[in-house]
Each structure stands twice: as structure tokens, then as C-alpha cells.
Amino acid sequence: MSQPEPVSDYPETVRKGYDFAAIEAKWQQFWLEHKTFASRIEAGKPKAYVLDMFPYPSGAGLHVGHPEGYTATDIYCRFLRMRGHNVLHPMGWDAFGLPAEQYAIKTGTHPATTTRTNIDTFRRQIRALGFSYDWDREVDTTDPAYYKWTQWIFLKLFEKGLAYQAEVPVNWCPALGTVLANEEIINGKSERGGHPVVRMPLRQWMLRITAYAQRLLSDIDDVDWPEGIKAQQRNWIGRSEGAEVDFAICDELGTLRVYTTRPDTLFGATYMVIAPEHSLVDTIVTASQQSAVAQYVETAKAKSERERQDDTKEKTGVFTGRYAINPATNAEIPIWVADYVLGGYGTGAIMAVPAHDERDFAFARKFSLPIQVVVARAGQPASSEAEQAFCGEGIAIHSGSFDGLSTRDFQEAITLWLHDRGLGTRKVNWKLRDWVFSRQRYWGEPIPIYYAVRDTTGQVLAQGEWTPTQVAAHIANGSNVIDYSVALAVGLDELPVRLPETEDFVPTGSTEPPLGKCHDWRFFCRNGLWYAREINTMPQWAGSCWYYLRYLDPTNSEQLASAEAIRHWLPVDLYVGGAEHAVLHLLYARFWHKVLYDCGVVPTSEPFARLINQGMILGEDGEKMSKSRGNVVNPDTMLATFGADAFRLYEMFMGPLEQVKPWATAGLHGTRRFLNRVAAQFDKPIDDGPAELVIARALHKSIAKVTEDTVNLRFNTAIASMMGLLNDLARLERLPREVAENFCLILAPYAPHLAEELWQRLGHPQSLAWATWPTFDPALCIEDSLELPVQVNGKLRGRLLVAATTPAEELQALALADPQVAKWIADKLVLKVIVVPGRMVSIVVK
RNA sequence: GCCGGAGUGGUGGAAUGGUAGACGCGGCGGACUCAAAAUCCGUUGAGCUUGCGCUCAUGUGGGUUCAAGUCCCACCUCCGGCACCA
């Protein structure tokens with residue numbers, strides 16, 4: 001894939017100023033050759049693990065959004081090195097995934113080839129930005145030496161019973177030829193490509209993430225993450241507290257168990273609803289309703305998720321003909337089937353309380369079911385006719401001996417009451433479901449599991465004279481079967497299970513994964529018996545669940561990383577990436593991390609101590625960048641025109657890191673001009689004498705500001721401060737050496753190429769990457785005289801030019817005597833004078 | 001509907017409760033130039049005023065305070081996420 005030579009739209013900018021192209025190439029090469037940014041572990045220094053979310057190397061290359069977070073972490077890392085930290089700052093590639101496979105199917109190019117090319121492009125583009133990654137730690141999730149450990153972790157999960165097979169209704173996407181996770185479906189269509197998705201049962205590998213639900217929820221409190229992300233995770237995990245209650249089904253057909261968060265509304269349950277998927281549908285339905293219910297269930301099953309969602313406005317359902325007994329009122333209430341009750345949540349059945357639940361209310365209205373009010377708003381008379389459901393808390397009415405109880409008290413009381421009668425119990429439910437972990441794809445990690453091939457007598461098939469292809473044929477015609485009921489783990493010493501190097505990665509057209517066609521890979525003999533490998537592969541999330549661990553010790557062939565390296569570097573101190581990974585990647589990675597914690601592999605219960613989401617960069621039109629809108633900005637062009645330093649500076653100067661902000665190429669002129677002017681200062685004669693006081697003050701204030709802002713990742717204001725300092729320097733005839741050197745040092749994290757070049761010109765033979773960050777003199781940061789505002793009745797009426805040390809009494813006298821102020825207080829009575837030294841004087845008059 | 005975030009000049013954005021608009025982009029005026037670009041200097045929230053200055057102004061309406069972009073209450077709009085989870 002040859003990239004067109006980037007063409008500049010702004011030739012004037014290229015022509016003027018210093019030769020950034022030469023300087024940037026020079027230093028990028030220098031850093032690489034000297035391994036300047038190889039991570040060091042030096043005793044006595046604090047460690048800092050600063051991580052970027054690694055990219056999926058797509059064919060389109062980098063866009064201007066990628067370098068935003070990368071630039072931020074790079075500045076931070078360069079700063080920390082100069083502040084004496086051991087810094088780990090790696091980069092790698094999340095390279096398994098559907099696009100390479102789709103491209104392969106279209107063009108016949110092997111995904112491995114595409115992936116290699118794309119990685120090369122990404123690496124080249126990232127290096128062109130001058131980031132200080134430790135390139136010796138690069139990881140690639142598609143490298144067998146990497147996915148060996150992905151498989152190893154999978155076997156740990158399997159060993160602990162956290163990986164299991166299940167026949168589950170999954171989201172089958174015919175167009176993509178694969179199953180998708182719930183998280184990969186947006187409005188009933190595939191996240192990638194927007195193809196339709198249908199529900200069908202298939203044998204799948206599942207991960208029991210629900211076993212970790214409580215810990216995943218509780219530990220969110222302990223991490224320094226944006227509130228929004230924490231809220232999204234809590235919401236996704238979806239803990240809810242309530243009760244399960246058993247209702248007797250009439251005609252001695254057993255009991256129907258429901259889950260409710262409002263057991264206090266039991267007296268208002270006037271009907272029940274079971275999901276179409278509920279196992280008791282056939283039991284409950286009466287002969288006369290048989291056909292109607294069967295038809296409804298069929299229709300509901302055929303509906304895709306999307307259609308179900310589209311139907312949320314209009315509720316549908318069918319009466320089963322059967323009744324249940326409300327244990328509180330002993331009334332017979334009808335049981336309905338309706339798809340507004342989800343089969344997969346709670347017990348798949350509910351007690352409907354239309355007076356106090358909007359969904360039940362809508363349903364009851366539509367089908368003319370009775371509505372019984374049992375909760376009154378506190379302080380208001382109970383109204384009999386309900387115009388809408390009241391879902392808040394209140395006081396119990398029409399609830400027998402429980403009348404008058406508050407919602408909270410009632411919940412306690414009724415739960416006890418149910419418990420005493422063996423009718424119910426407290427129950428916690430979760431929205432979080434187990435993770436469908438298998439994909440019907442070629443380009444993913446093989447799942448390291450195999451199964452016995454059995455013959456018609458049930459014996460494991462003896463080796464005989466068969467070839468793998470013949471075994472496959474036997475299975476196809478039914479004379480042999482693969483025994484999926486016993487999953488056999490591949491031995492740890494046999495890892496990695498490599499992907500076969502096939503050219504036939506095209507989907508089979510059925511639900512069988514493409515690996516099913518690689519007979520020689522799939523079928524093998526051991527001890528004279530035939531076995532078949534698992535042919536599903538892992539989802540793209542797998543590799544990214546633990547890559548931050550591999551960076552710690554990327555070439556270790558004995559362990560996923562040495563205990564020593566893990567102990568030294570974990571946890572990740574700062575993790576920067578897009579908010580689109582708020583739930584999926586971050587939740588999955590936390591889950592795996594906790595499992596590894598339980599296995600004793602990692603010493604922390606959370607992987608990422610601090611998280612920052614960089615805000616999306618929009619197109620110049622303020623819309624999301626997209627090919628179809630034609631507003632995509634190509635970083636290669638920008639780099640060719642303005643240079644890496646100006647580009648980095650602009651990306652940070654646009655605004656706060658977390659904020660969404662529109663791109664404006666015009667703004668790059670500003671940072672380009674700034675750097676040109678910086679370079680121009682260094683063409684002036686260097687003055688070895690002390691800097692004049694005004695300049696020294698400006699310098700020290702700027703060092704203080706840049707230091708503070710860099711610590712807090714407020715790069716935009718740090719840059720503004722350096723621009724301010726430059727404006728002060730511009731009027732000087734000669735550049736004081738002290739100022740020149742310190743300016744270089746504070747500029748270095750932001751515009752490292754130019755800073756290195758100027759540093760060298762100042763006569764330093766060493767790179768400034770490990771130079772010491774400058775300190776500032778607080779005394780020089782305070783002005784000795786200042787302009788103090790004077791307010792009269794809250795309005796600004798004058799300004800005093802005074803010494804910073806002027807005492808309060810004197811300030812008061814000066815303020816009252818000031819001619820501008822005097823005219824506002826001349827004929828008034830001064831009630832009060834507030835003096836805040838160094839800040840302002842406020843006079844209250846009447 | 002629920003959760004999270006944000007509303008400040010023409011524009012991106014600055015502002016420990018204390019001179020709103022730092023810094024940049026753009027605009028305007030000037031210098032340099034045959035001319036343009038680049039560069040440099042000045043200027044740039046709105047309105048009133050010859051001028052000193054004055055009035056208004058941080059989404060809207062209230063409130064607390066000597067003092068509010070900042071704190072409190074109510075609301076509006078926009079962005080992101082979730083959404084029949086009983």
C-alpha cells in the first residue's frame with residue numbers, strides 16, 4: 001500500500017522559519033538509535049506506568065484523533081523523566097479483528113499480510129510524531145508469542161470454571177458470518193457495518209463475568225476515573241435489590257416465581273406476565289388459548305432485537321387462560337404472555353402492578369386489566385382513579401394490615417412476611433450477563449480446547465487409516481460425532497495453539513467457523529485416538545484484556561511477565577484513551593485482571609489506577625469526522641506542512657484534553673509561528689550575564705505555571721504560558737543564557753525536536769530527555785507592585801498602583817482618597833470597607 | 001425517561017468567590033515590498049461619549065454575598081451514554 005506523497009495546502013508556512021523537517025528527522029533517528037526512551041529501573045526513583053489505549057491498525061492509517069491522547073501521554077512521560085521518574089511508556093497493536101478478515105475475503109489478501117502492512121503504516125506515522133515510546137516493548141496481539149499467553153489466561157479461566165460452553169441464543173450476523181456480543185450491537189444492527197442481526201441458539205464459549213459482578217461494582221469506588229465512566233460501568237453492571245416471590249398457579253400447576261424491586265406493591269399486583277421464552281409457557285397455557293399463545297410466542301421469537309426495540313411504544317401480549325393466586329390478597333389474577341418481559345432477566349416473569357409501574361400501566365390500559373392503587377403520595381389524599389402510574393415512594397393503602405407503612409418499612413415487613421410463609425426471599429439481580437466469548441471467525445486467537453471424536457458405539461475413534469479429511473467426512477455424514485460435552489484443555493506446554501496458515505478463511509456460509517475447513521489442523525491423533533480442536537476463535541477484546549501486562553516483560557517465553565516486572569510496574573498509573581471503551585474494554589480488562597489477581601499473578605485488584613478520556617476531535621465543520629462527510633483531516637499532510645512539533649502543540653492547545661473540540665487547520669499557523677519565533681530568539685546573541693529582573697520574573701512565573709499545568713495535564717494553559725514568556729523575550733536584543741536554557745527545558749516535553757536542537761546549539765552534548773526539570777524561585781513569582789481594583793457597592797470604580805507589601809490600613813486610606821473612587825463616595829455614608837491585601841478593596845456606601 | 005458532561009467575544013478557549021475575555025485564530029489599521037506572501041508594530045466584547053468616563057454583558061429566572069462565570073434553587077438548550085432490567 002503506497003501512500004501518496006502528502007501535499008501541502010499551505011506552502012507559505014513550509015518556506016518560512018527554521019527547517020523543521022530536517023530537525024525532526026534528525027532527532028527521531030537519534031532517539032531510536034540511542035534507545036533514549038528505553039525504560040529504566042533505577043533504585044530510589046518513583047515509577048510511572050503511563051499507558052495509551054493501543055490502536056487497531058486499520059487500513060486507513062492514523063487520523064488526527066489518535067495523536068491527541070498519545071501526545072498528552074508523551075508530554076507527561078517526558079516531563080516525568082525530567083522529574084526523576086522511572087517511566088514505562090509502551091505502544092503496540094490490537095491487530096486481530098474483523099476488518100482485516102473482511103478485507104481478506106474481498107481481496108484474497110491474507111489477514112496476516114494486511115495486518116503487517118497496516119502495522120508498518122501506523123508505526124511510521126506514530127514515529128513521525130516523535131513520541132517517546134520504548135519501542136523494544138512493542139506488542140502485537142496476533143503474534144503467536146503474544147497470544148500464547150492470551151490462551152494461557154483462557155485456560156486459567158477454564159480451570160476455575162469461569163469459561164464454559166452453553167447452547168445460547170446468540171446474535172448471529174449473517175453478513176459478517178459471526179456471532180456478536182450484545183455490546184457489539186447498536187440498535188439491533190452490527191456495530192461494524194450496520195448489518196442485520198438475528199437471534200439463534202448456538203454452542204458458544206462463555207465467560208462467567210457475572211461471578212465477579214459485585215467486585216467489579218464495588219471496586220469502581222477505588223479508582224480515579226471520570227465520574228461518567230464510573231457511572232456507565234455501574235449502570236451496565238446494574239445491581240438491583242428486591243425480592244423473589246412465588247405465586248401459586250391455579251389448577252395445581254405449581255408455582256410461578258417472579259422478581260420485584262417493589263414487594264411493597266404486592267397487594268396491587270392485578271395480573272402476571274411471563275416472557276415468551278419462559279419455560280412454563282406450555283404448562284400454563286389453557287387449551288382454548290393454546291393456538292393464540294403459540295402464535296404469539298412464535299412471532300416474538302422471530303422478531304429480531306431491533307424489532308423488539310422498535311415496538312417499545314406499543315405493548316403486545318396474549319392471555320394464557322390461566323390464573324395465579326396473589327399471596328397477599330388471595331385474589332385470582334390472570335397470567336399473560338408478553339414480550340415486554342425479558343426472558344433473560346430475573347425469573348423471566350413479573351407480578352404486574354399497573355398503578356405503580358409505567359410499563360404495567362400501559363399494558364393494563366391497552367388490555368383493560370384492573371388497576372389497584374396501593375401506594376399513596378405522602379401528604380396527599382389517595383385518589384382512586386389513576387391517570388398515570390405513580391412509581392415513587394409513599395404510604396401503603398389498600399394493603400390490609402400493612403396500611404400506613406412507608407414504602408421502605410413495608411418492604412422490610414412484607415419480605416419477612418413472605419419469608420415466614422416460604423413464599424419469598426430477598427434477592428439481588430444484575431443486568432450484567434455472562435460474556436459470549438467465541439466468534440465464528442478465522443482472524444482471532446484459537447481457543448485452546450479440544451474434544452474427543454466418537455464413533456457410533458460411543459468409543460473414541462481409533463486412529464486407523466483415516467486422514468483428517470476423512471474424519472471430517474465421517475462427521476459430516478453422521479457416522480462420527482465430536483463430543484462437545486467434555487472439553488479438554490490443551491496442555492500448557494503445547495501453547496500456543498497457532499492459527500493454521502490457510503488461504504481458505506472465507507466464511508462457510510453456515511454457522512460453522514472457517515477453521516472447520518482446516519481439517520489437518522482441526523483433527524489430530526493422540527495415543528492412537530482422534531480428537532478435534534475447537535474451531536471458534538476469541539473475540540477482539542481478548543488480546544486487549546491484558547496487553548498492559550505483556551508490556552512489562554514482552555519477550556518472556558516462560559511467563560506472561562515476570563513476577564518482578566509485574567510487582568515493579570503495576571498498576572498502570574495513568575491510562576488515556578477514548579470514551580468509546582467506557583464499558584466493554586475496560587470492564588473486560590478489569591474482569592481478567594481480577595481473575596489473575598485471584599490466581600496470584602498480579603498484586604493489585606484493579607489494573608488502571610487513573611483513567612482519562614481524551615475528547616473526540618471533530619471535523620472543521622463541527623461534525624464527527626467521517627469519510628462520508630469528507631471532513632477527515634489527514635495527519636500526514638499536517639505534519640508535512642507544519643511539522644510534528646507544531647502539530648503536537650496545536651493538538652494540545654485546542655482546549656482541555658477531555659473536551660470534545662473541532663479541528664481548525666488555521667490554528668496550526670499559530671503554533672507554527674510560535675515555534676518559528678522561539679527559534680528566532682536563539683539566533684540572537686546569548687548573554688551570559690544575569691537576566692534583568694522583569695525577565696527573570698517572567699521566566700520563573702512561566703516555569704511555575706508550566707510545571708503545575710503539566711502535572712495536572714492542563715497542557716493548553718501551559719502552552720499559553722510559554723507563548724506569554726516568548727512575547728516578553730521577543731523585545732530583547734540579547735537572550736540571557738539562563739532564560740534560554742530553562743525555556744528549552746520547559747518546552748522540551750511539548751516540542752521535543754526543536755527543544756533538543758536548541759539545547760544542542762547551546763552547547764550541551766547530551767540529549768535533554770533526561771535533563772533535570774527546572775525549579776523556580778517562588779520569590780520571583782510574586783510581583784513587588786500591583787494594580788489593585790477598588791469597588792464601590794460591588795462595582796469597579798478605580799485602580800490603585802501599589803507595592804505588594806502595602807498594609808491593609810494604608811490600602812483603605814489610598815482607596816478612599818483615590819479621585820476616581822472619591823466621586824462615588826463623596827456625598828455618601830461609608831458603611832464598611834473590605835480590604836483583601838493583594839486582591840482588592842471593596843467599599844460599601846449608602 | 002434515567003445517568004454523565006457542557007453553555008463565556010466573530011472563533012478555539014482563559015479565569016484559588018475578588019479587575020471577565022489570558023493565550024491563539026480571524027478581522028481592521030500601519031511598517032517592509034513594484035506588488036503579494038512571510039515577518040514586525042498597533043488595535044479588536046456591545047452600546048453611549050470630543051474626552052475623563054458611563055451603561056450593558058458569561059444560556060434563562062430567582063437567591064446567598066461587600067463581591068457570583070464560579071456557590072444554592074428552579075428551568076431551557078446542546079453533546080455523550082443507557083433505555084420495557086420489573
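Protein chains get the first letters and strands the later ones, always in sequence-line order, with residue 1 at the start of each.
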Expressed as a whole number of angstroms, how long is the span from A:R234:CZ to B:G81:C1'? 15 Å
Taking for A:M616 and for A:G794 the nucleotide of RNA chain B with the nearest heavy atom, the one nearer the 5' end belongs to A:G794
Just N and O in the side chain of A:W824: are any of them under 4.0 Å from OP1 or OP2 of B:C54? yes
So what does A:N727 hit on the nucleic acid, given a heavy-atom distance under 4.0 Å: a base, only sugar-phosphate, or nothing? sugar-phosphate
What is the separation between atom OH on A:Y750 and atom C1' on B:C23, rounded to the nearest whole Å? 14 Å
Just N and O in the side chain of A:Y340: are any of them under 4.0 Å from OP1 or OP2 of B:A86? no
Mate of B:U16 across any strand shown (Watson-Crick or G-U wobble, both atom pairs under 3.5 Å) is none
Exactly one of A:Y340, A:F361, A:W336 clears ring pair (Phe, Tyr, Trp, His ring centres under 6.0 Å) with A:F367, and that residue is A:W336
Rounded to whole angstroms, how far apart are NZ on A:K230 and C1' on B:G5? 16 Å
Indicate whether the side chain of A:K431 and that of A:N235 have a donor and an acceptor atom separated by less than 3.5 Å. yes
Check the side chains of A:Q820 and A:R799 for a donor-acceptor pair under 3.5 angstrom, ignoring hydrogens and angles. no
Phosphate OP1/OP2 of B:C54: any A:R797 side-chain N/O under 4.0 Å: yes
Indicate syn or anti for B:G9, taking the glycosidic torsion and treating anything within 90° of 0 as syn. syn
Partner of B:U39 by Watson-Crick or G-U wobble geometry, both contacts under 3.5 Å, or none? B:A31
Grab the NZ-C1' distance between A:K366 and B:C84 for me, whole Å please. 14 Å
Please write out the pairs of protein N or O atoms and N or O atoms of nucleotides 9-19 of chain B separated by less than 3.5 Å, giving the distance to one decimal.
residue	atom	partner	partner atom	Å
B:G12	O2'	A:M654	O	2.6
B:G13	OP1	A:Q659	NE2	2.7
B:G13	O5'	A:Q659	NE2	3.4
B:A14	OP1	A:N716	ND2	3.0
B:U16	O4	A:R839	NE	2.8
B:U19	O2	A:R799	NE	2.7
B:U19	O2	A:R799	NH2	3.3
B:U19	N3	A:E787	OE1	3.1
B:U19	O4	A:E787	O	3.0

Within the structure, does a side-chain N or O atom of A:T671 lie under 4.0 Å from either OP1 or OP2 of B:G24? no
Distance-only side-chain donor-acceptor flag, A:Y650 / A:T71, under 3.5 Å: no
Please report the distance, rounded to the nearest Å, between CD in A:Q232 and C1' in B:C3. 8 Å
Would you say A:R673 places a side-chain N or O within less than 4.0 Å of OP1 or OP2 belonging to B:U39? yes
Nearest listed nucleotide, side chain of A:K823, among B:C23, B:C82, B:G53: B:G53
Please state whether the phosphate of B:C56, meaning OP1 or OP2, lies under 4.0 angstrom from any side-chain nitrogen or oxygen of A:K795. yes
Just how far, in rounded Å, is P of B:U39 from NE2 of A:H669? 9 Å
What nucleotide among B:C56, B:C54, B:A86 has an atom nearest to a side-chain atom of A:Y259? B:A86
Just by distance, with hydrogens left out, do A:T717 and A:D709 show a side-chain donor and acceptor under 3.5 Å apart? yes
In whole angstroms, the gap separating C1' of B:C79 from CG of A:N613 amounts to 15 Å
Return the value, rounded to whole Å, for the distance between atom CH2 of A:W336 and atom P of B:C84. 21 Å
